[in-house]
Student: 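What follows is a structure written as C-alpha cells; I'll ask about it next.
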Amino acid sequence: MRRSKAFIPTTKEAPSDGQLASHIFLSRGGFVSQVASGLYNYMPLGKRVIKKIENIINEEMQLADAQEVELSFVTPADLWQESGRIEKFGKELLRFRDRKENLFVLGPTHEEMMVDMVRNRITSYKQLPINLYQIKTKFRDEARPRFGLMRGREFIMKDGYSFHSSQEDLNREFDAMESAYKKILIRLGLDFRIVEADSGAIGGTGSKELMVLAQSGEDTIAVCDTCEYGANVEAAKRSGRSSIPEAPVADFNKFKTPNIKSIEDLENFFKVDAYYTIKCVAKRVIYEEESEIVLFFLRGCDNLQEVKAVNAAGALDIADLSEEELQEIGLIPGFIGPLEQDKAKHVIDNDLINAVNMICGANEEDYHYVNVDMSVLGEAYYADIAEVNEGDICPCCNGKLSFTKGIEVGHIFKLGTTYSKALKAEYLDENGKAQPFIMGTYGMGVSRLVAAIIEQHHDENGCIWTKEAAPYMVNIMISNIKDTEQVELAEELYAKLQEAGVETVLDDRKDRFGFKMKDAELIGFPYTVIIGKELANGLVQIYERKSGENSSISKELVFSQIMKFV
RNA sequence: CGGGGUGUAGCUCAGUAUGGUUAGAGUACCUGGUUUGGGACCAGGGGGCCGAAGGUUCGAGUCCUUUCACCCCGACCA
C-alpha cells in the first residue's frame, strides 16, 4: 500500500477520553474511531489486525476439527424465553420488535442459537462429537462501556460450542480446545495465564479463563510462585496460610466491649490478631423470585468473596444492606456472632470449621464472646466464601499465592446439559434412548485481543505489533521524496517484497524524515526500512520497532535481510 | 442504576464568575515558496447554527428551564 493513498488518519493528539495505552494508540494510530459509547469503527489498519487474529483462530480451529458457521446476529426472543436467559441476562440484552411486532434480541452470545441449529439435525450418537464455531459481532448493552475496545458494547467474539454423548468425550474436547487456545495466544505473542474461574450466569463447571497479563487488566488473578496454578480471585482457593499467629490465651467468656464494633477495634482492644476474630458480613441475597438476609461469617483477616458468596447461597445476586435492615430483624451491627442466634440464614467460611480461640460478637450491644470453639455449632452450613490473600498457600503445592492483573481474552467451560435440556436438544444413544447433548463452550474475544496486544506491547511512542498481528510487516520510508535515487530503490524494494508476499507499506509522502518516523512508530510496523541520506554510501537502515535498533545494511542486501526477519 | 464532570473548527482546548464589534488559539487541511535524518519555516486561504429545544433581554457561547450525548468513580459484566 502506498502511504500517500492509504486511509490511515493518524493524529498527534490523543482523544480526550483515552485512558488506556491501547485506547490512545489505536485511536491515534488510525486503527479505530469511536462512534458512540462502546461502539467503534474499524478503519483499514484496525480491520487488517482483526483479520490477522481471525485467520490465526481459523487455522487453529481447523487443526482441531472445529467447523465454522455463521449464525444470525438478530435472534428470536423465543429462544431466550426457552432457555430462561431473557430474564437472567436482563438489560444487557438489546431487544426490539420487527414490523410484525415480533420480539428479537441482538445476540450477546449464541448458546441458544447454536443448540437450535443442531437440534433435530444431529439425532444420533453416531454423529457426535461435533464442534461448531463462529467469529461474529456480538452486542451487549453494557451498563458502562469503557477502555476503548476493551469493554465495548458491540464487539467481535469467536464463540464455539461442542456437542458430545459422554462426559469423557467432552473432557477430551475441552482439553483440545484449551491447547488450541494456548497456541493462538502464543502465536499472537502474548504473555498469558490460564486460570480457574467462576462460570457465571451461563452455568457449568470446569471453567477456565485465558488471561493476558497486564496491569490495566480488569480482573485480579491469584497465581502461584512455584507451580502452574492460577485462578481468578472470584474462584481462587488456598490450602492454608503462610503463617498462623500465636493464639490468645483465655477462657470462654462473655466480655464487655463498649463500642468495639470493627475488627480493627477488636484487635486493639484484645491485643489479638484478626485471625482469631470472626467477622460478619450481612448481605441481601437475591433469588429468582424473592430475597433474604444472609449472614456470612469469616475470619477477621479475610474478606468476603462475593462471587463465592453468591454460589454458596445458590443465589442470583447479592446486595448491600443498611444497619436499619439488620436492626429490624433484631441484629446489632458490630456485635453479630454465629452463636445462639438464628435471626437469618448463616453461611460460615470453611476456614472456621472447628476453629478455636475465636472472638465473636455476642449478639448483644457491647458484648463479645472470647475463646469460642466453633465445633460447638455442630451442624452449620460451611462453604468456601473467603477471598484468598496474597501470601496464602497454593492449593496445589507449597508455593505462595500472589496477585496480578489480567485481561480476560478467553473463557472455556463445560456446559453439560444446561442448554440442551432447556431447549430439548436430544440425540438417540446406543440403546435408542433420547439423551440431551453434553456440551462445552469456548469463547475468545477477538476485538478485545486487539486491545490486549497493545496493552502488552507498546511504549511511549505507540504500538509495537507482534509479527503475527501486525497490519503490515514492513514500512519502506523514503526520507526525501525528491531524491530520485531514494525513490527508485524504494519502489524496487516495494515491488520485490510485495511479490514475495510480504505485507508492505511504501511511505511515499512528501513529509519530512522526523514526521514519518514518528508516524511509523505510532502505527508500530515491526520493521521500517529507512532509505535516506546514507544511500549516497550505498547503505540503508532497518529499524526494528521492538528493540528500537537501527542497523545499517548495504542496499543490495536489504531484501534478503528483511526476508530473514519476517 | 447512584455520584461527579464535560459539550465551542476534523482534533486538543481558551472564552462563560461580570451578557455588548465580525467567536479565538494550537494543530490538522488547501495554495505557493523554502526545507529534507526525528512531528520544519514563510506567505496566503477555507472551515463554526458555540450539543439540542424553549425562555429572559434591545442584545445570549455567556443567564434561566428542559433535554440529549459523551467521559470518570461505583454498582454491573457470558
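Each chain gets a letter, A, B and so on, in the order its sequence line appears, and its residues count up from 1.
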Student: With P as the reference atom in both, quote the distance from B:rG45 to B:rA25 in angstrom, rounded to an integer.
Tutor: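 Going atom to atom, P in each nucleotide, I get 13 Å.
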
Student: Let's see if you can work this out: which of B:rC70, B:rC72, B:rG37 has an atom nearest to the side-chain heavy atoms of A:Gln34?
Tutor: B:rC70

Student: B:rG39, B:rC76, B:rG37: which one has an atom nearest the side-chain heavy atoms of A:Glu92?
Tutor: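 In terms of side-chain proximity for A:Glu92, the closest of B:rG39, B:rC76, B:rG37 is B:rC76.
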
Student: Applying side-chain contact (heavy atoms from CB on, under 4.5 Å), can you list everything that pairs with A:Lys421, at least two apart in sequence or on another chain?
Tutor: A:Thr417, A:Pro436

Student: What residues form a side-chain contact (heavy atoms from CB on, under 4.5 Å) with A:Ala422, not counting sequence neighbours?
Tutor: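 With neighbours one apart ignored, the set is empty.
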
Student: Nearest to the side chain of A:Gln541, heavy atoms from C-beta on, is which of B:rC76, B:rG37, B:rG39?
Tutor: B:rG37

Student: Counting any heavy atom closer than 4.0 Å, what does A:Glu534 reach on the DNA or RNA strands: base, sugar-phosphate only, or nothing?
Tutor: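 If one applies the 4.0 Å heavy-atom cut-off, A:Glu534 turns out to touch a base.
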
Student: Name the nucleic acid region contacted by A:Gly532, choosing base, sugar-phosphate or nothing; use a 4.0 angstrom heavy-atom cut-off, strictly under.
Tutor: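 It contacts base atoms.
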
Student: In whole Å, what separates the C1' atom of B:rG10 from that of B:rG48?
Tutor: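 The same atom, C1', in both gives a distance of 12 Å.
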
Student: Tell me the ring pair (Phe, Tyr, Trp, His ring centres under 6.0 Å) pairs involving residues 137-162 of chain A, sequence neighbours left out?
Tutor: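 As it turns out, there is no ring pair (Phe, Tyr, Trp, His ring centres under 6.0 Å) pair with a partner in residues 137-162 of chain A once direct neighbours are skipped.
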
Student: Taking the six-membered ring for Trp, does A:Phe515 stack with B:rG39 (centroid gap under 5.5 Å, planes within less than 30°)?
Tutor: no

Student: How should the glycosidic conformation of B:rA23 be described, syn or anti, under the criterion that syn lies within 90° of 0?
Tutor: anti

Student: I need the full list of ring pair (Phe, Tyr, Trp, His ring centres under 6.0 Å) pairs touching residues 527-559 of chain A, with sequence neighbours left out, sorted by first then second residue.
Tutor: A:Tyr527-A:Phe565

Student: Calculate, to the nearest 0.5 Å, the distance between atoms CG and CD1 belonging to A:Leu449 and A:Ile454 respectively.
Tutor: 11.5 Å

Student: Between B:rU35, B:rA75, B:rG37, spot the one nearest the side chain of A:Ser479, thanks.
Tutor: B:rG37

Student: Could you say whether A:Lys518 or A:Glu142 is positioned toward the 5' end of RNA chain B, judged by the nucleotide with the nearest heavy atom to each?
Tutor: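 In this pair, the answer is A:Lys518.
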
Student: Could you tell me whether the side chain of A:Arg146 has a donor or acceptor atom within less than 3.5 Å of a complementary atom in the base of B:rG74?
Tutor: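 Per atom types, no contact qualifies.
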
Student: Going by side-chain contact (heavy atoms from CB on, under 4.5 Å), name the residues that satisfy it together with A:Glu387, two or more places apart in sequence or in a different chain.
Tutor: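 A:Glu387 satisfies side-chain contact (heavy atoms from CB on, under 4.5 Å) with A:Val233, A:Gln305 only.
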
Student: What nucleotide among B:rG38, B:rG37, B:rC76 has an atom nearest to a side-chain atom of A:Glu521?
Tutor: B:rG38

Student: Using the C1' atom on both, measure B:rA60 against B:rA17 and round to a whole Å.
Tutor: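 It works out to 16 Å between them.
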
Student: Would you measure the distance from the C1' atom in B:rU57 across to the matching atom in B:rU62 and give it in whole Å?
Tutor: 13 Å

Student: Could you tell me which residues satisfy side-chain contact (heavy atoms from CB on, under 4.5 Å) with A:Lys279, sequence neighbours excluded, listed by chain and number?
Tutor: A:Ile263, A:Val281, A:Leu298, A:Asn303

Student: What's the closest nucleotide to the A:Asn550 side chain, out of B:rC71, B:rC76, B:rG37?
Tutor: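 Closest nucleotide among those given: B:rG37.
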
Student: A:Lys136 side chain to A:Lys158 main-chain N or O, any donor-acceptor pair under 3.5 Å?
Tutor: no

Student: Once salt bridge (Lys or Arg N to Asp or Glu O under 4.0 Å) is applied, do any residues pair with A:Glu455, and if so which ones, sequence neighbours excluded?
Tutor: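 Residues passing salt bridge (Lys or Arg N to Asp or Glu O under 4.0 Å) with A:Glu455: none at all.
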
Student: Look at all strands and tell whether A:Ala319 reaches a base, only sugar-phosphate, or nothing, counting heavy atoms closer than 4.0 Å.
Tutor: nothing

Student: Roughly how far apart, to the nearest Å, are B:rC29 and B:rA69 at atom C1'?
Tutor: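 Approximately 27 Å lies between the C1' atom of B:rC29 and that of B:rA69.
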
Student: What string of B, S and - do you get for nucleotides 1-12 of chain B, 5' to 3', when a contact is any protein heavy atom under 4.0 Å?
Tutor: B---------SS

Student: Grab the stems for RNA chain B, please: at least three consecutive Watson-Crick or wobble pairs, both distances below 3.5 Å, written as range with range.
Tutor: B:1-7 with B:68-74, B:10-13 with B:24-27, B:29-34 with B:40-45, B:51-55 with B:63-67

Student: Both A:Ile481 and A:Arg448 contact RNA chain B. Which one's nearest nucleotide lies toward the 5' end?
Tutor: A:Ile481

Student: Mind checking the C1' distance from B:rG51 to B:rU16? Whole angstroms is fine.
Tutor: 16 Å

Student: What integer number of Å spans the C1' atoms of B:rA28 and B:rG37?
Tutor: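 Each nucleotide's C1' atom is 24 Å from the other's.
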
Student: Under 4.0 angstrom, heavy atoms only, what part of the nucleic acid is A:Arg28 near: base, sugar-phosphate, or nothing?
Tutor: base

Student: By nearest atom, which of the nucleotides B:rU36, B:rC77, B:rC71 is closest to the A:Lys482 side chain?
Tutor: B:rU36

Student: Considering only B:rG74, B:rG38, B:rC71, which nucleotide approaches the side chain of A:Phe513 most closely?
Tutor: B:rG38

Student: Looking at the side chain of A:Arg512, which of B:rC77, B:rG37, B:rU36 is the nearest nucleotide?
Tutor: B:rU36

Student: Between B:rG39 and B:rG54, how far is it from one P atom to the other, in whole Å?
Tutor: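 The answer is 50 Å between these two P atoms.
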
Student: Quick one about A:Gln134 and A:His110 (side-chain donor to acceptor, distance below 3.5 Å, no hydrogens or angles considered), yes or no?
Tutor: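 Yes.
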
Student: Do A:Arg48 side-chain atoms and A:Tyr472 backbone N/O form a donor-acceptor pair below 3.5 Å?
Tutor: no

